[in-house]
Amino acid sequence: TASLPRRFLTSDQGTFGAYTASVRWPIIVQNIIDDLLKEVDTLNDDEIINQGKIIEEQLAAFRLEIINDAKLRKFTAEECEIASVPLTFNKYLDEHSGATWLNAEWLFTEIYLYRRVNVIFRLQSSKHWKSFDCFNGLKQSTFQASCHGVAELAIRYQNLLPQLEKSNHDEEVLKLLFQEFIEISLWGNATDLSLLTNATLEDIKSIQGQKAREESESKILINDTEKAWNQLIKSGNKSGKRVDFVLDNSGFELYADLMLAAFLLQSKLASECVFHAKDTPYMVSDTMIKDFFILLNDLTDPSFFSISDKNSTESKALNSFASDIRAFYDKEMITFEDSEFWTTDLDYWNIDGDSPILKELQKSDLVIFKGDLNYRKLTGDRTWSRTTPWAQAIGPLSSNGVVSLSLRTCKADVQVGLPAGLDENLTKQWEVDHPGQGSWWTCSGKWAVICFAASH
Ligand code: F6P
Ligand code: MG
């Protein structure tokens, strides 16, 4: 549509997107090379080692393409076939033939980067490299480092079950718990995990608990949790309510999302949670289905979080959470799917018309979109004014029968839905410690938004 604002470009001077393209992307590719070399060191099959070296060379050349601002090239027919590259990429590149790494739409270029990396691995003949997750090492070590938050939340979960029993499905109590677990899932997306609190039901109700929540709540600039709650309650006594999660990162965030799912299932607010994962390694830490099984193993592997005492509170709490999740999975109350749509370059304005994804999401009573990239795709990563109403910024999804809730800690330039004056205030505030970068408060991960939409 002619009236839509254009998308952010990697050439938009002074934006976080331009910084990401010129500074962060070469580092990300270098990190892949470093981790690849570590992997090669562990191998003893000559053929696989050789292929590893070919991958290394190709990644090094690829890194230079970015640094030297090369043209974004189309995927070859061979690449498309062997690595199952969705056709949308070349279609886009046909329509944007002048695009170069540092002068192109940020959203497309970032997604294209991860696809190019994936193709380099998939083009090798050995199964080892075809299915290799070049981010696995980083995903695992980061999860390991969140040991403290993981144990704290597991203990929180253990307290939940008696709380639910005592509450006797009292709506006021359930609503407070819903808010708490939504916030756990929300802040699971932040790098700063210190905002999570281990609140008991007493705490939640006590002034102190309220205070603690209010503290993190003041960083939630838009909070539509109550609308989502009302919608979930409204769809009523209907048994078999379904909540979908369009997942973001594996590790701690996935763990927090499973925590929210477990709450919804235990409280019977939902009877089914459908998790949408990625079909390729993506955006460094995004969840693939195999990451779910790795996470379950990590939780129950005493050496992973180095909790030596099997009878410790932490160890018991981790095991009981993991076994509840496994039981939900076995009963198909938690299911996973990984449609290729989520790793194409298409934004979510494309979830419309006869899109199979639309048909799927329409079956859900609530679709939770996790994290920053999903927010960028929902809004098309466009240069909207920051006061643009949410429903306008997400286009078709606000009116085509999907009930959605976006849980986003702000990590990019695009920002909508703010009340008048707030952006100016926060820009001034951020400017104090970040001269010349005031508008980057939306890229800092320090603030968050919770945005709801449903068809009228
Ligand atoms: O590289 C930038 C980016 O794509 C931003 O959107 C965001 O900062 C990050 O990577 C991904 O964040 P998330 O995992 O929350 O989608
Ligand atoms: Mg991510």
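No experiment lies behind these values; they were computed from the predicted model shown. We count ligands from 1, going down the list as the structure has it; atoms in each ligand are counted the same way.
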**Report entry** Test item: side-chain donor near acceptor, D286 and Y114, under 3.5 Å
**Finding:** no
Report task. Would you check whether R376 has a nitrogen or oxygen atom less than 3.5 angstrom from a nitrogen or oxygen atom of ligand 1? Result -> yes
Report task. For this output row, return yes or no: ring centroids of Y157 and F181 closer than 6.0 angstrom. Result -> no
Query raised in the report: For the side-chain hydrogen bond (donor to acceptor under 3.5 Å, both in side chains) test, which of D248, D257, T287 pairs with K370?
Result: D257
Report task. May I ask you to say whether R242 pairs ionically with E360, meaning some side-chain N is under 4.0 Å from a carboxylate O? Result -> yes
Requested in this report: For atom 13 (P) of ligand 1, grab the closest protein heavy atom and report residue, atom and distance to one decimal in Å.
Outcome: D248 OD2, 2.9 Å
Query raised in the report: Mind checking whether F89 and F75 have parallel, tilted or perpendicular rings, split at 30° and 60°?
Result: perpendicular
Query - F16 ring center near W440 ring center (under 6.0 Å) - result: yes
Query raised in the report: Are a donor atom and an acceptor atom from the side chains of N374 and Y348 found within less than 3.5 Å of each other?
Result: yes
Query - Check ion pair D35-K38 (N to O, under 4.0 angstrom) - result: yes
Query raised in the report: Mind checking whether W25 has an N or O less than 3.5 Å away from an N or O of ligand 1?
Result: no
Query raised in the report: Using a distance-only test with no angle check, is there a side-chain donor-acceptor pair under 3.5 angstrom linking E226 and N230?
Result: no
Requested in this report: From the options F121, W25, W101, select the one residue that forms a ring-ring contact (aromatic ring centres under 6.0 Å, His included) with F62.
Outcome: W101
Report summary line: Nearest non-hydrogen protein atom to atom 7 (C) of ligand 1, with distance, is D372 OD2, 3.4 Å
Query raised in the report: Hey, does L373 come in under 3.5 Å of ligand 1, counting only N/O atoms on both sides?
Result: yes
Query - Protein contact for atom 5 (C) of ligand 1 (heavy atom, distance under 4.0 Å) - result: yes
Report task. Kindly assign one of parallel, tilted or perpendicular to the pair F252 and Y255, based on the angle between their ring planes and the thresholds 30° and 60°. Result -> tilted
Report task. List the closest protein heavy-atom neighbour of atom 10 (O) of ligand 1: residue, atom name, distance to the nearest 0.1 Å. Result -> R24 NH2, 4.4 Å
Query raised in the report: Close to the Mg ion (ligand 2), meaning under 2.8 Å, how many protein N, O or S atoms are there?
Result: 3
**Report entry** Any N or O of N249 closer than 3.5 Å to N or O of ligand 1
**Finding:** yes
Query raised in the report: Does the N or O separation between E110 and ligand 1 drop below 3.5 Å for any pair?
Result: yes
Report summary line: heavy-atom search around atom 8 (O) of ligand 1 in the protein gives K411 O, 2.9 Å
Requested in this report: Assign the ring pair W447 / W430 to parallel, tilted or perpendicular, where the plane angle (0 to 90°) is split at 30° and 60°.
Outcome: perpendicular
Report summary line: T20 heavy atoms within 4.0 Å reach ligand 1 at atoms 1 (O)
Query raised in the report: What part of N189 sits under 4.0 Å from ligand 1 if we count only heavy atoms: the side chain, the backbone, both or neither?
Result: side chain
Report task. Work out whether the distance between some heavy atom of Y282 and some atom of ligand 1 is less than 4.0 Å. Result -> no
Report task. Output the list of atoms in ligand 1 that are nearer than 4.0 Å to some heavy atom of W106, sorted by atom number. Result -> 2 (C)
Requested in this report: Please determine if R386 and D423 form a salt bridge, counting it only when a charged side-chain N lies under 4.0 Å from a carboxylate O.
Outcome: yes
